[in-house]
Amino acid sequence: MTAAENVCYTLINVTNDSEPPSEVSLKTDLEKGEIKAKTEALKKVIIMILNGEKLPGLLMTIIRFVLPLQDHTIKKLLLVFWEIVPKTTPDGKLLQEMILVCDAYRKDLQHPNEFIRGSTLRFLCKLKESELLEPLMPAIRACLEHRHSYVRRNAVLAIYTIYRCVDGSLWMHDISATISVSADKCSFFLSLIIVLQDRALDYLSTCIDQVHTFGDILQLVIVELIYKVCHANPTERARFIRCIYNLLQSSSPAVKYEAAGTLVTLSSAPTAIKAAAQCYIDLIIKESDNNVKLIVLDRLIELKEHPTHERVLQDLVMDILRVLTTPDLEGRKKTLQLALDLVSSRNVEELVIVLKKEVIKTNNVTEHEDTDKYRQLLVRTLHSCSVRFPDMAANVIPVLMEFLSDTNEAAAADVLEFVREAIQRFDNLRPLIIEKMLEVFHAIKTVKIYRGALWILGEYCSTKEDIQSVMTEVRRSLGEIPIVENELKKEAGEVKPEEEVTAAPAPKLVTEMGTYVTQSALSTSRPSKKEEDRPPLRGFLMNGDFYVAASLATTLTKVALRYVALAEDKKRQNSFVAEAMLIMATVLHLGKSSLPKKPITDDDVDRISLCLKVLSECSPLMNDIFNKECRRSLSHMLAVRLEEEKLSQKVSTFLHRFLVPLSRTELSHVFFQVTQLTGFSDPVYAEAYVHVNQYDIVLDVLVVNQTSDTLQNCTLELATLGDLKLVEKPSPLTLAPHDFANIKANVKVASTENGIIFGNIVYDISGAASDRNCVVLSDIHIDIMDYIQPASCTDTEFRQMWAEFEWENKVTVNTNITDLNDYLQHILKSTNMKCLTPEKTLSGICGFMAANLYARSIFGEDALANVSIEKPIHMGPDAPVNGHIRIRAKSQGMALSLGDKINLSQKRTAA
């Protein structure tokens, strides 16, 4: 059913009268009453007819005494009356009295009041009897030339209705010349498209040069017509494609959006793709609504998926980067990813320049809560650019390394990861990276970044000068040693250089009595220094973070062993090794003392002691382990990561080439399910076809009358449990014996939770005096898995979300699966989650397994899970897996529903 054929409803307000009036009293009021009495009587007649009463004796009375009246209220009520009153005899012939009605409405179509004319025309749109409509055609056509647009629009719609009922094509051919106003053109053109599409195309051809002057509604109708015609007949493309190009310059954003989409569909020429893409970019930049920005940005991303379009979009990378001006983080993320996918050797330099400027803009800017996250996105994008185009790394590294001293640990960690990969991949950049690292080393504020910087300096400093510089920076960050003696002196209150005794002029003070008092001018001013004023490394150690001390010991061991191999002077060798051992020893001494907030752990003591022993012996074997194996492990990790990225890229390419062409509609997370609602022996059989499509659930219920009776007012009554909402109540219907019908109901979903839809079917049996009958329906369970999709995130993001999410659900493993990996794969299949732990990490035979899982709902909710399982070896090879699964989510419903799903899947496996 098209939009023009939808049912039009008239709402009637029914008053609660105690007694319905008799036909005689109504006839008296209609014949002899005043205007007000006739109005009330006519209202009662309408209500009685709607309730099923037959009042044939009043028809001629209304024609004689009410129809000639000129009162506007009476005329409006008459329009409702003639709509609902039976107009035909039982054998289907038109009543003779309706000829008089037809003549009365011919006069109303010529009435000087435009409201009466327009209302009458709207009434004619609801008539189906061709015998009533044909005599009124000349008067309806005359209304097309009326001065008021309300009359003209309704005249067009009335002619469209007549065309559907009788052969009115001749009238439709001739009325285009009388249409002059844009609003009238829209109504006429829409009607013409439905009834005479060829005539609509001819009409469009005559005014194609004036399309840009039409209103936005008419322009949208024209775009839709061109789209349909060109799809059905591709030879028409050349005829109308210029019109689509012109509509790209429309002042209406909706018209521009639809025209760009139509242009991409009709033509794959580079000029067409470029014009459409440019139109999308302009819409994103100029539109203020953030949801519109994201929708248009998705259409722009879809253009890239086509291989021939990607080349065209590569020339528009700089225009696409203009979208970064939007403050929304999601839009910026999609824009950066799109630019990264389109970047080539021709424009990578310009891209890097823009990204560097954006990074600098985010420095020391905290007015927006997403500034830090945006900086992370920029750093990762520059990281990817440098890996793909090594020539750009030298320009990027100096800018990014300034952020190692940033207070935002996440952004600094991304920079550190990029620097670590760059220094391993690009040998020619190592001197530059070492130089910049030494410059910012003392300004690093977070212990995690400090540990990473220590590792990079210890691993890649290969000259004597760099090694000496590392030792100098370490001593600078550690402060005066021995640490314990220096800290004890400070606690003893000995005068330090920072403390001074100053003399200041004595201020004069006045008391309440008016006398002067003086204050001593001698004052001891102690500096307001806090613990943070200590050198960074000493501050970490005093706070009890001795893991950085173990990293420091490893770094000192590496550079000391390397310095011994480089320096020829034995005295210098021993001096450097002794200094390194002294630092380790003073850190050990500090850890064993009571000065730090937390004592040193046994693991850190063992690590530092091992490094001391290695330096004291200086064996070739340990030299190889410290200076070669670590770098080899990093190289292997980077190679594995690169291999996984290539594999995922191949998979996505395969899906795009072979799966996307199979469905031309947009791919969405859609699941289909059929549920039987009643039994086969019930009077009414029903089954539901459940269509879950993102935020909507559409129930297509098949209702079958299995009796020999006519079921009247058969109504599907539904209710929901959970975060579901029924949009509208399904309309009642009548089922003939052994007939069937489909009833559709829409349910809105608000969050990721399990939900239940329940209800019943009620109906009346024709001719029976009993109460309404009821058939109770089975429950429809809406599964949480319909909303959850596998997703990916970095380890840092996973840990951050794990710390932030407050709802946790701990599920005990209860299954008969005996293999650890098989159980993990079963959980992944049951929950639609993705395993973030690398496959090689999980490989091998071991008695335990730990893995992180992640998924994201269609509502943007994140779900995290940590699987910690083991196989009790002492119970034999057939012992089942045991352990726990911890689920964390931002909402309680998500955590509980996911836990219930895991429990159910385990029980099903055990059964």
Side-chain angles (χ1 to χ4, degrees), residues 2-8 10 63 66-83 87 94 98-196 199-200 202-204 206-207 214-215 217-218 221:
T2 62
E5 296 172 341
N6 287 336
V7 179
C8 179
T10 302
I63 294 175
V66 181
L67 189 59
L69 299 178
Q70 297 299 315
D71 183 75
H72 287 188
T73 304
I74 294 287
K75 285 190 173 294
K76 285 167 57 177
L77 290 173
L78 284 173
L79 294 177
V80 178
F81 174 77
W82 295 123
E83 181 181 350
K87 306 174 189 64
L94 189 69
M98 297 308 297
I99 298 176
L100 301 175
V101 177
C102 181
D103 183 66
Y105 281 113
R106 183 180 58 78
K107 294 178 181 178
D108 283 345
L109 290 176
Q110 299 171 353
H111 199 281
N113 187 295
E114 61 269 6
F115 175 76
I116 293 178
R117 281 201 187 196
S119 300
T120 306
L121 288 167
R122 288 180 66 85
F123 160 72
L124 294 179
C125 293
K126 302 176 184 180
L127 294 183
K128 309 296 182 185
E129 292 78 13
S130 59
E131 296 90 338
L132 287 176
L133 294 172
E134 285 181 356
L136 300 176
M137 271 309 302
I140 296 175
R141 183 175 179 182
C143 290
L144 291 171
E145 302 176 4
H146 195 271
R147 57 182 177 82
H148 204 284
S149 61
Y150 178 70
V151 177
R152 295 194 300 269
R153 281 199 302 268
N154 285 289
V156 172
L157 295 177
I159 291 178
Y160 163 67
T161 305
I162 294 172
Y163 174 84
R164 289 188 303 154
C165 299
V166 297
D167 186 12
S169 57
L170 296 176
W171 301 107
M172 294 295 290
H173 274 288
D174 299 332
I175 65 175
S176 60
T178 63
I179 304 296
S180 58
V181 183
S182 179
D184 309 328
K185 288 182 180 179
C186 184
S187 303
F188 163 68
F189 198 74
L190 183 59
S191 304
L192 203 58
I193 288 175
I194 298 172
V195 298
L196 291 173
R199 178 62 180 167
D202 295 338
Y203 174 73
L204 178 60
T206 60
C207 59
F214 294 169
I217 299 178
L218 182 55
V221 173

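Residue numbers count from 1 along this sequence.
- For F123, the ring-ring contact (aromatic ring centres under 6.0 Å, His included) partners two or more places apart in sequence, or in a different chain, are Y105.
- Nearest heavy atoms, I116 versus H72: CD1-NE2, 3.6 Å.
- Here the OG-CG distance, from S119 to L78, works out to 12.0 Å after rounding to the nearest 0.5 Å.
- Annotation: the span from I63 atom CD1 to D103 atom CG amounts to 11.0 Å, rounded to 0.5 Å.
- Other residues, nucleotides and ligands contribute over 12 non-hydrogen atoms within 6.0 Å of the NZ atom of K87.
- Residues R117 and C143 form a side-chain contact, since some pair of their non-hydrogen atoms from C-beta on lies under 4.5 Å apart.
- Rounding to the nearest 0.5 Å places CZ of F115 at 11.5 Å from NZ of K75.
- In this structure, L124 and L109 have side chains that are in contact, with non-hydrogen atoms separated by less than 4.5 Å.
- A heavy-atom distance below 4.5 Å is found between the side chains of L67 and W82.
- Listed for the R106 side chain is no donor-acceptor partner under 3.5 Å among the backbone atoms of L136.
- Q110 contributes atom CD, which lies 9.5 Å from atom CG of D108 (distance to the nearest 0.5 angstrom).
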